[in-house]
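Down below is the structure, laid out as structure tokens.
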Amino acid sequence: MKNSIELMFEKRGETGMEPMKTCCFTGHRPNHLPWRGDEAAPLCLACQARLADEIERAYRAGFRRFLCGMAMGGDLLFAETVLACGEAHPDLRLDAAIPCLNQTKDWPQEQVRRYRSILDQIPSDRQILIQTERTRDCMLRRDRYMVNQSQRIVALYDGKSAGGTRYTLSYALKKGLETVIIDPYTTEIIR
């Protein structure tokens, strides 16, 4: 029996085709980033510039699909950066891997508006719902889905924090993905 993700791709007609080169993203939530949600801070702007450079680099390497888990913090920053880069590259696409229907439950209203604004710019067939209900492992299921779909991962990771970013990055390394890590404290890149 096929799982829901396999059925979804058959429905879209992607079965049997050469998969689109995909780059996924993982990154810390605002409380683990040095700018703590102040995205006008110089360090945040520098990290966003690094993200834009890495998206452009991936584009030049043939990546056209960028996959984001839509969490607060690094994910939304990445999504907005991909959308901005898409203005110069109309064939670049952003897909949203949504872990559950109520992902934004308990988020601040400004972040919910931001999330919805991003989703409004992504066609509904590129908004992939991993499961309807929130469970203890829905975020991890989303992270594994993204890695399993990808050939490259870009991570906004400080090298020490535990949690979803570390898990996703570790899983990507086990799967052999090309890896780009941007340190949010120094903007240094590790390949």
Side-chain angles (χ1 to χ4, degrees), residues 22-59 63-89 92-100 103-122 126-128 130 139 142-143 145-147 149-150 152-169 172 177-191:
T22 300
C23 175
C24 67
F25 175 83
T26 189
H28 294 301
R29 303 302 181 268
N31 59 326
H32 288 289
L33 293 168
W35 52 86
R36 301 268 190 221
D38 177 10
E39 292 186 4
L43 197 50
C44 179
L45 296 173
C47 282
Q48 190 171 21
R50 288 286 198 183
L51 285 171
D53 290 346
E54 288 307 316
I55 292 163
E56 182 64 34
R57 190 171 191 270
Y59 183 86
F63 290 85
R64 296 297 181 265
R65 180 180 184 225
F66 293 82
L67 189 52
C68 181
M70 299 299 294
M72 277 194 296
D75 283 19
L76 297 184
L77 188 66
F78 176 79
E80 290 168 338
T81 306
V82 170
L83 290 170
C85 291
E87 293 173 12
H89 304 295
L92 181 149
R93 69 185 251 188
L94 176 64
D95 288 11
I98 302 167
C100 58
Q103 179 177 11
T104 60
K105 183 180 184 242
D106 301 324
W107 285 21
Q109 280 304 304
E110 80 230 17
Q111 293 297 315
V112 173
R113 281 191 294 276
R114 184 178 182 192
Y115 174 92
R116 289 185 181 145
S117 172
I118 292 166
L119 287 181
D120 286 346
Q121 298 174 67
I122 302 172
R126 290 195 253 148
Q127 296 179 27
I128 300 107
I130 303 303
M139 306 299 174
R142 178 228 22 227
D143 297 341
Y145 167 80
M146 292 192 311
V147 168
Q149 292 289 307
S150 301
R152 180 180 289 183
I153 187 168
V154 174
L156 190 58
Y157 179 60
D158 64 12
K160 57 186 178 246
S161 296
T165 301
R166 177 192 272 178
Y167 170 83
T168 306
L169 189 54
L177 269 64
E178 298 172 26
T179 304
V180 177
I181 301 169
I182 302 169
D183 184 320
Y185 287 87
T186 65
T187 72
E188 289 181 36
I189 294 180
I190 301 165
R191 294 188 198 286

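- Listed here is the closest heavy atom pair of G86 and L92: CA-CD2, 4.0 Å.
- Rounding to the nearest 0.5 angstrom, the gap separating the OG1 atom in T168 from the CG atom in L177 is 11.0 Å.
- Contact annotation: the side chain of Q127 never approaches that of M70 to less than 4.5 Å [non-hydrogen atoms, C-beta and beyond].
- Here the closest heavy-atom approach between residue S161 and residue D158 is recorded as OG-OD2, 2.6 Å.
- Judged by a 6.0 Å distance limit and a 45° cone about the ring axis, K160 is positioned over the six-membered ring of Y185.
- In this structure the side chain of L76 reaches within 4.5 angstrom of the side chain of I118, judged on heavy atoms.
- The side-chain heavy atoms of L33 and C44, taken from C-beta on, include no pair separated by under 4.5 Å.
- Remark: T186 pairs with no residue by the side chain to side chain donor-acceptor pair (under 3.5 Å) rule, at least two apart or across chains.
- Atom OG1 of residue T22 and atom CZ of residue F63 lie 8.0 Å apart, to the nearest 0.5 angstrom.
- Using a 4.5 Å cut-off on side-chain heavy atoms (C-beta onward), L156 and C47 make contact.
- The line from CZ of R57 to CG of L51 is 13.5 Å long, rounded to the nearest 0.5 Å.
- Every residue two or more places apart in sequence or in another chain that forms a salt bridge (charged side-chain N to carboxylate O under 4.0 Å, His left out) with R114 is listed here: E39, E80.
- With sequence neighbours left out, R64 forms a salt bridge (charged side-chain N to carboxylate O under 4.0 Å, His left out) with D91.
- Panel note: side chain S150, backbone M146; a donor-acceptor pair is recorded below 3.5 Å.
- Looking at heavy atoms from C-beta onward, L94 lies out of side-chain contact with R126 at the 4.5 angstrom threshold.
- Note on residues 66-86: pairs passing ring pair (Phe, Tyr, Trp, His ring centres under 6.0 Å), not counting sequence neighbours, are F25-F78.
- Here the shortest heavy-atom pairing between P99 and Q103 reads CD-OE1, 3.2 Å.
- Proximity of C24 to R152: side-chain heavy atoms (C-beta onward) are nowhere separated by under 4.5 Å.
- For the ring-ring contact (aromatic ring centres under 6.0 Å, His included) test, residues two or more places apart in sequence or in another chain that qualify with Y157 are H28.
- For the pair I181 and D183, the minimum side-chain heavy-atom distance is 4.5 Å or more.
- Here the shortest heavy-atom pairing between T26 and T165 reads OG1-CA, 3.4 Å.
- Residue R191 places its CZ atom among more than 12 non-hydrogen atoms of other residues, nucleotides or ligands, all under 6.0 Å distant.
- Counting heavy atoms from C-beta outward, V180 and I190 have side chains that stay 4.5 Å or more apart.
- Every residue two or more places apart in sequence or in another chain was checked for a side chain to side chain donor-acceptor pair (under 3.5 Å) with D75, and none qualifies.
- For the atom pair T187 OG1 and R50 CZ, the distance stands at 4.5 Å (nearest 0.5 Å).
- Listed for the R142 side chain is a donor-acceptor partner under 3.5 Å among the backbone atoms of G69.
- Here the closest heavy-atom approach between residue V147 and residue A172 is recorded as CG1-CA, 3.7 Å.
- Looking at Q48 and T81, their side chains do bring a donor and an acceptor atom within 3.5 Å of each other.
- Enclosure of atom CD in E188 is not indicated, since only 12 or fewer non-hydrogen atoms of other residues, nucleotides or ligands lie within 6.0 angstrom.
- Within the model, atoms CD1 of I153 and OG1 of T179 stand 6.5 Å from one another, a figure rounded to the nearest 0.5 Å.
- Contact record, A40 with L45: O-CD1, 3.6 Å, taken as the closest heavy-atom pair.
- No donor-acceptor distance shorter than 3.5 angstrom exists from the side chain of Q121 to the backbone of L83, with no hydrogens or angles considered.
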